[in-house]
Amino acid sequence: MSEVYSLPGLRTNSTSSRPLVALLFRNVTNSAHIRSQVLSGSLPSAVLDASMVAGVAHIASAAERALISEQQKSLTTRSFQSEIVFNMGASRGISSTLEAFGVKDSCNDLVLVCENVNDTINTLKKEVDGSLVNLQEQIHQCTDREKLCKLLKIPPEEISSDMGDTDQALLMAVMCRISTRGE
C-alpha cells in the first residue's frame with residue numbers, strides 16, 4: 001500500500017498512541033460531498049486542500065501539533081481532525097485558516113489524514129471519488145505555490161533557490177511561518 005503514507009516522527013506517549021497516515025487523492029469529483037461530511041463530523045479524517053500543502057513535512061508538523069494539543073487537552077478547535085487543518089496555517093484566525101486549508105467544493109486534489117486503521121482507510125477509499133496516488137511522489141504537483149505564498153506572505157525571492165530546489169525552499173518558508181504563528 002504505497003499510496004498510504006505513514007506520517008514520520010510523530011511523538012506519542014504510551015497512553016495515547018495514534019499512528020496517523022496521509023492519503024493523496026487526485027482528480028476528485030465529489031469534493032462537495034466530502035466537505036458536507038467534514039462539516040457534519042461524519043468523516044473520520046482531516047481533509048486538506050492539496051493545493052495548500054507545501055510538502056509531507058507540512059502535514060506531519062500539523063498532525064504533530066494536533067496530537068500534542070489533544071494530549072494536553074488544549075485543542076483550539078472542536079475536534080482533532082479540524083485541529084490538524086488549523087495547524088496547517090500561520091494565522092490564529094480559526095475560521096479563515098480552516099477555510100484556506102480545508103476542503104472546498106471545487107477541490108480537485110485532497111489529502112486525508114486519519115488514524116492508521118484498515119477500516120478507516122478502506123472507508124475513506126470508498127468515500128472519495130478520485131485516484132489514490134503516492135503522496136511523496138505527487139504532492140508537489142498539487143501545490144499552488146502562488147496562492148500559498150500570497151496567503152502566508154512569502155516573497156518570491158525567499159523561495160527562489162540558487163540550488164534549484166524551490167519545493168524545499170517553499171516548504172522551509174511555510175514551516176517558518178507556521179512555527180511562529182501569531183508572532
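In this text, all values refer to a predicted model and were calculated from it rather than measured experimentally. Counting begins at 1 with the first residue of the sequence.
- The shortest distance between side-chain heavy atoms of Leu23 and Glu3 does not fall below 4.5 Å.
- Dense packing is recorded around CD of Gln141, with more than 12 heavy atoms of other residues, nucleotides or ligands lying under 6.0 Å away.
- The side-chain heavy atoms of Leu148 and Leu152, taken from C-beta on, include a pair separated by under 4.5 Å.
- The two atoms that bring Lys147 and Asp49 nearest to each other are NZ-OD2, 3.9 Å, heavy atoms only.
- What you find for Asn87 and Ile178 is that their closest heavy atoms are O-CD1, 4.0 Å.
- In this structure, the side chains of Val111 and Leu135 come closer than 4.5 Å at one or more pairs of heavy atoms.
- With Ser31 contributing its side chain and Cys107 its backbone, the two residues share a donor-acceptor pair below 3.5 Å.
- The existence of a salt bridge linking Arg177 and Glu158 is confirmed by a sub-4.0 Å separation between a basic side-chain nitrogen and an acidic carboxylate oxygen.
- Closest heavy-atom contact between Ser40 and Gln37: OG-O, 3.0 Å.
- One distance of note links CD1 of Ile34 with CG of Asp105; it measures 11.0 Å at 0.5 Å rounding.
- A distance-only check finds a donor-acceptor pair linking the side chain of Thr143 to the backbone of Val53 [under 3.5 Å].
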Between Thr120 and Thr123, does a side-chain hydrogen bond (donor to acceptor under 3.5 Å, both in side chains) hold up when you go through it step by step?
CA-CA 5 Å; Thr120 302; Thr123 298; over 6 Å; no
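- The two atoms that bring Leu75 and Phe80 nearest to each other are CD1-N, 4.0 Å, heavy atoms only.
- Between Phe25 and Leu112, the shortest heavy-atom distance links the atoms CD1-CD1, 3.8 Å.
- Side chain of Ser42 to backbone of Val38: no donor-acceptor contact under 3.5 angstrom is found.
- With Ser45 contributing its side chain and Val113 its backbone, the two residues share a donor-acceptor pair below 3.5 Å.
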Between Val85 and Val47, does the side-chain contact (heavy atoms from CB on, under 4.5 Å) criterion hold? Intermediate values first, please.
CA-CA 7 Å; Val85 179; Val47 183; over 6 Å; no
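- Contact of the Cys142 side chain with the Leu24 side chain is registered, since non-hydrogen atoms from C-beta on lie closer than 4.5 Å.
- Side-chain atoms of Ser61 never come within 3.5 Å of backbone atoms of Ala57 as a donor-acceptor pair (strictly under, hydrogens ignored).
- Taking each heavy atom of Ile159 and Ala169 in turn, the nearest pair found is O-CB, 3.7 Å.
- The structure places CE of Met172 at 7.5 Å from SG of Cys176, a figure rounded to the nearest 0.5 Å.
- A donor-acceptor pair under 3.5 Å is formed between the side chain of Glu83 and the backbone N or O of Thr77.
- Here the OG atom belonging to Ser91 is positioned 9.0 Å from the CZ atom belonging to Phe101, to the nearest 0.5 angstrom.
- Atom-to-atom distance recorded for Glu64:CD and Leu20:CG is 9.5 Å, nearest 0.5 angstrom.
- The salt bridge (charged side-chain N to carboxylate O under 4.0 Å, His left out) pairs that include a residue from residues 126-144 number zero, where partners must be two or more places apart or lie in different chains.
- Taking the side chain as every heavy atom from C-beta outward, Ser74 and Ser69 approach each other to under 4.5 Å.
- Atom-to-atom distance recorded for Asp167:CG and His140:NE2 is 4.5 Å, nearest 0.5 angstrom.
- Asp109 pairs by the salt bridge (Lys or Arg N to Asp or Glu O under 4.0 Å) definition with Arg26, not counting sequence neighbours.
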Could you walk me through whether Val21 and Tyr5 pass the side-chain contact (heavy atoms from CB on, under 4.5 Å) test, one step at a time?
CA-CA 5 Å; Val21 295; Tyr5 182 79; over 6 Å; no
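- Rounded to the nearest 0.5 Å, atoms CD1 (Ile84) and CZ (Arg65) are 13.0 Å apart.
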side-chain contact (heavy atoms from CB on, under 4.5 Å) evaluation trace for Val103 with Leu48
CA-CA 5 Å; Val103 61; Leu48 307 170; over 6 Å; no
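- Panel note: side chain His58, backbone Met88; a donor-acceptor pair is recorded below 3.5 Å.
- The shortest side-chain heavy-atom distance between Leu7 and Ile59 falls under the 4.5 Å cut-off.
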